[in-house]
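See structure below.
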There are 2 protein chains.
Amino acid sequence: MKRKITLKQIAKELDVSVSTVSKALSDSKEISEDTKQKIQAFAKLYNYRPNNIALSLKNRKTKTIGILIPEIVHHFFSTVIRGIERVANRRGYNVIVGLSNESFTKEIINMEMLAGGSIDGFILSISKETMLKQDYHHFNATIDQGIPIVMFDRVVDEVDCDKVIVDDFKGAVKATEKLIVNKCKNIALITTMDYISVGRLRTQGYLEALKSNNIEANPNLILKIDDTLDVENHIEVLENEIEQFFKTNPKIDGLFAVNELYAVTAMKVARKLGLSIPEDMQVIGFTDGVLSKHATPSLTTVSQHGQKIGEQSANLLIDRLEAMDYDKPSYLANNEPKKDFIKLVIETEIIERESTK
Amino acid sequence: MKRKITLKQIAKELDVSVSTVSKALSDSKEISEDTKQKIQAFAKLYNYRPNNIALSLKNRKTKTIGILIPEIVHHFFSTVIRGIERVANRRGYNVIVGLSNESFTKEIINMEMLAGGSIDGFILSISKETMLKQDYHHFNATIDQGIPIVMFDRVVDEVDCDKVIVDDFKGAVKATEKLIVNKCKNIALITTMDYISVGRLRTQGYLEALKSNNIEANPNLILKIDDTLDVENHIEVLENEIEQFFKTNPKIDGLFAVNELYAVTAMKVARKLGLSIPEDMQVIGFTDGVLSKHATPSLTTVSQHGQKIGEQSANLLIDRLEAMDYDKPSYLANNEPKKDFIKLVIETEIIERESTK
DNA sequence: TTGTATGCGTTATCAG
DNA sequence: CTGATAACGCATACAA
């Protein structure tokens, strides 16, 4: 096996100095055409590639972005990653992914690991456990170390950084109003516990839509799911909860669910109870994933544009990274991060399918 | 903003040498308790973290694994990543993800980028375009550079490396035989073009099952989908093709599809044509993803155990990485990679749901 | 017990 | 035009 070739080896082989080789390969005009040709040919022959690690050490930049998400087996998050990856690559950055698995501890461990020189900045979405604990010191510590962060989707005011969020509130309003316009009289909501910011915002949107249409909110029509339980038999538990919910509220004729799993599961349960969709009950979900598209009937959803979120996040981060460029002459450099953090709101969009009239 | 603190700065601050600090922090017994205490306290106070990059350069190891997959918005691949991530983290490795987006060129670019010092080894699944071109020089070049590769799922004999594959052939046999046992008389197959190895193997399994049960294969009952087309209106095209297929073959009473999208779409089309499942037609898919679980009726599938594939791949890679450990005294070292490459076959399993009797 | 020197691969600076 | 040297951050063999 040929070990990767280095400048030093080329230099020795060709009996020149390392710096000559370095310069020749960067096509410096300091070097004679002859020598350049010789060195470049040799380098090509041996398939020379500069060692990124050495460059990172020297430049104090790794040109890679750390992504930290709660879960990868999740359509929304993979869509975001794809978006990040796309612009990152286009702008010359690599992407490294860490999974918190919704755990506070794992989030911290991953973060410290990556912050230890592997990455230039983070794009992340906060884990459920962290949101519950409301302990954000690790984010602030990272920022203090000069590593910028961009948060998306699950964000929090306590951390000063750029943020990209979905307009959860407005999306929920739109969805609920669609049901109202479609003549639903008893619109139910299936949501998560309040500590998940997106769940809370969507719930608020639902309430707001009712209110501004002079419909009194009925607490009985709101089902809050505790999804901290283990995932094993999650589905069965979910189905049972929803079944109970439907049985005790037989008048429900419209349903807004804060994610597509809840929506699809609800449709399944409804069908089991002999209801047909959208005739007896109209359903709208949040998150436009595979499930929505291929469910029966296909699900009307509020699309979050995950890929766009990823792209915008990456742009925000890289912009900031390049703004604190250390390469500039010091009188031009701007090492202090800007304090004006940006909060981008990505508009949602209702994708109409068969589950609404 | 506090810049990350280094050994050098601590040394200066405490008026000792860099090596003293280094030793003190690794709790070397060469250093007096007094000095150690002082230095450790100071380091803790300033939240010292060693710079991975410097360590990588020194150790010629990055302790990170490069994953290269065709697509991330794909349940199977994210499951595999989760598996890889899990064992990688447990064994002290990080994970970095590159997306080829099914493109030959992007696969190469990503590969070269990561191979340039960022990673110790690759775990990858080959892009469609690469399989089509049958050009695998970049894999071999990487291996020649001393960077081991583990391939999973879409693998190829032309590259000498460890491989982890699903038993596609046997899985397809099992699925087809299940349909036969369930008394289907005209079993159809929806598959991909032959250059995708997994599609080919599954097709072979289907044929084998028919043959060993003395059923003559009918070429008309095999639908090959060309999925190189752009994804935009992919679904509609797919639906139309399947609809035609069903119309010209009205006797089909059993269907095996090589992925869950084809299976779910076929069920949708079947329903549209007035067929009920599983009464009129039984359906089995491959790949146990979200769609299968939540489809209506839920889909019987051949599960690939993606997470297990990921875990095994990571173990294979790390084992090999540690086998070529450079830290050992040279008379013990084993720098030449072992030539006996392992091909692990992960057994499939049929998950029975509502789409079969 | 502590410090000095060296090297990992690269580039920039300055001297020849 | 070419080469020697320092520096990035760290660990370690060796010297004091």
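Each chain gets a letter, A, B and so on, in the order its sequence line appears, and its residues count up from 1.
- Rounding to whole angstrom units, CG of residue B:Leu57 and P of C:dT6 are separated by 18 Å.
- Along DNA chain D, the nucleotide nearest to B:Gln9 and the one nearest to B:Lys23 differ in position, and the one closer to the 5' end is contacted by B:Gln9.
- Counting non-hydrogen atoms under 4.0 angstrom, A:Val16 reaches the backbone sugars and phosphates but no base.
- Backbone-only engagement by B:Lys8 is indicated by non-hydrogen atom pairs under 4.0 Å involving sugar-phosphate atoms exclusively.
- Rounded to whole Å, the distance from NZ on B:Lys12 to C1' on C:dG3 is 18 Å.
- Remark: P of D:dA11 and CD1 of B:Ile31 are 13 Å apart, rounded to the nearest angstrom.
- Contact annotation for B:Ser26: no contact, since no heavy-atom pair falls under 4.0 Å across all strands.
- To the nearest angstrom, P of C:dT2 lies 15 Å from NZ of B:Lys29.
- In terms of phosphate contacts, B:Thr20 brings a side-chain nitrogen or oxygen within less than 4.0 Å of OP1 or OP2 of C:dG3.
- In this structure, A:Arg82 does not pair ionically with A:Glu85, as no charged nitrogen and carboxylate oxygen lie closer than 4.0 Å.
- With D:dC10, D:dG3, C:dT2 as the candidates, the nucleotide lying closest to the side chain of B:Glu30 is C:dT2.
- Atom-to-atom, CG of B:Leu25 to P of D:dC10 comes out at 9 Å; the value is rounded to the nearest Å.
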Exercise for review: Show your reasoning for whether salt bridge (charged side-chain N to carboxylate O under 4.0 Å, His left out) applies to B:Glu102 and B:Arg154.
Suggested key: CA-CA 12 Å; B:Glu102 302 287 11; B:Arg154 296 194 201 152; 3.0 Å; yes

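- Look at CG on A:Asp34: it is 14 Å from C1' on D:dT2, rounded to the nearest Å.
- Across all strands, A:Thr35 comes closer than 4.0 Å only to sugar-phosphate atoms, never to a base (heavy-atom distances).
- Closest approach to the A:Ser22 side chain among D:dC14, C:dG9, C:dT11 is made by C:dT11 (side chain taken as heavy atoms from C-beta onward).
- Heavy-atom nearest nucleotides on DNA chain C were determined for B:Lys36 and for B:Lys58, and the one closer to the 5' end corresponds to B:Lys36.
- Just one of A:Asp162, A:Leu317, A:Ile143 meets the side-chain contact (heavy atoms from CB on, under 4.5 Å) condition when paired with A:Ile149; it is A:Ile143.
- Residue B:Ser19 is classed as a base contact, given a heavy-atom separation below 4.0 Å to a base.
- A donor and an acceptor atom, one from each side chain of A:Asp27 and A:Gln40, are located under 3.5 Å apart.
- Among D:dC10, C:dT11, C:dG9, the nucleotide with an atom closest to any side-chain atom of A:Leu7 is C:dT11.
- Distances were taken from every side-chain heavy atom of B:Ala54 (C-beta onward) to each of D:dA4, D:dC10, D:dC14; the shortest belongs to D:dC10.
- The side-chain contact (heavy atoms from CB on, under 4.5 Å) with A:Thr142 is formed by just one residue from the set A:Leu124, A:Ile147, A:Ile108, A:Leu114; it is A:Ile147.
- Distance, B:Asp27 CG to C:dT1 P: 13 Å, rounded to whole Å.
- Between B:Arg320 and B:Val150, the closest side-chain pair of non-hydrogen atoms is not below 4.5 Å.
- The shortest distance between the side-chain N/O atoms of B:Arg49 and the OP1/OP2 oxygens of D:dG9 is not below 4.0 Å.
- In terms of phosphate contacts, A:Ser32 brings a side-chain nitrogen or oxygen within less than 4.0 Å of OP1 or OP2 of D:dT2.
- One atom, CG of B:Leu14, and another, C1' of C:dT1, lie 16 Å apart when rounded to the nearest Å.
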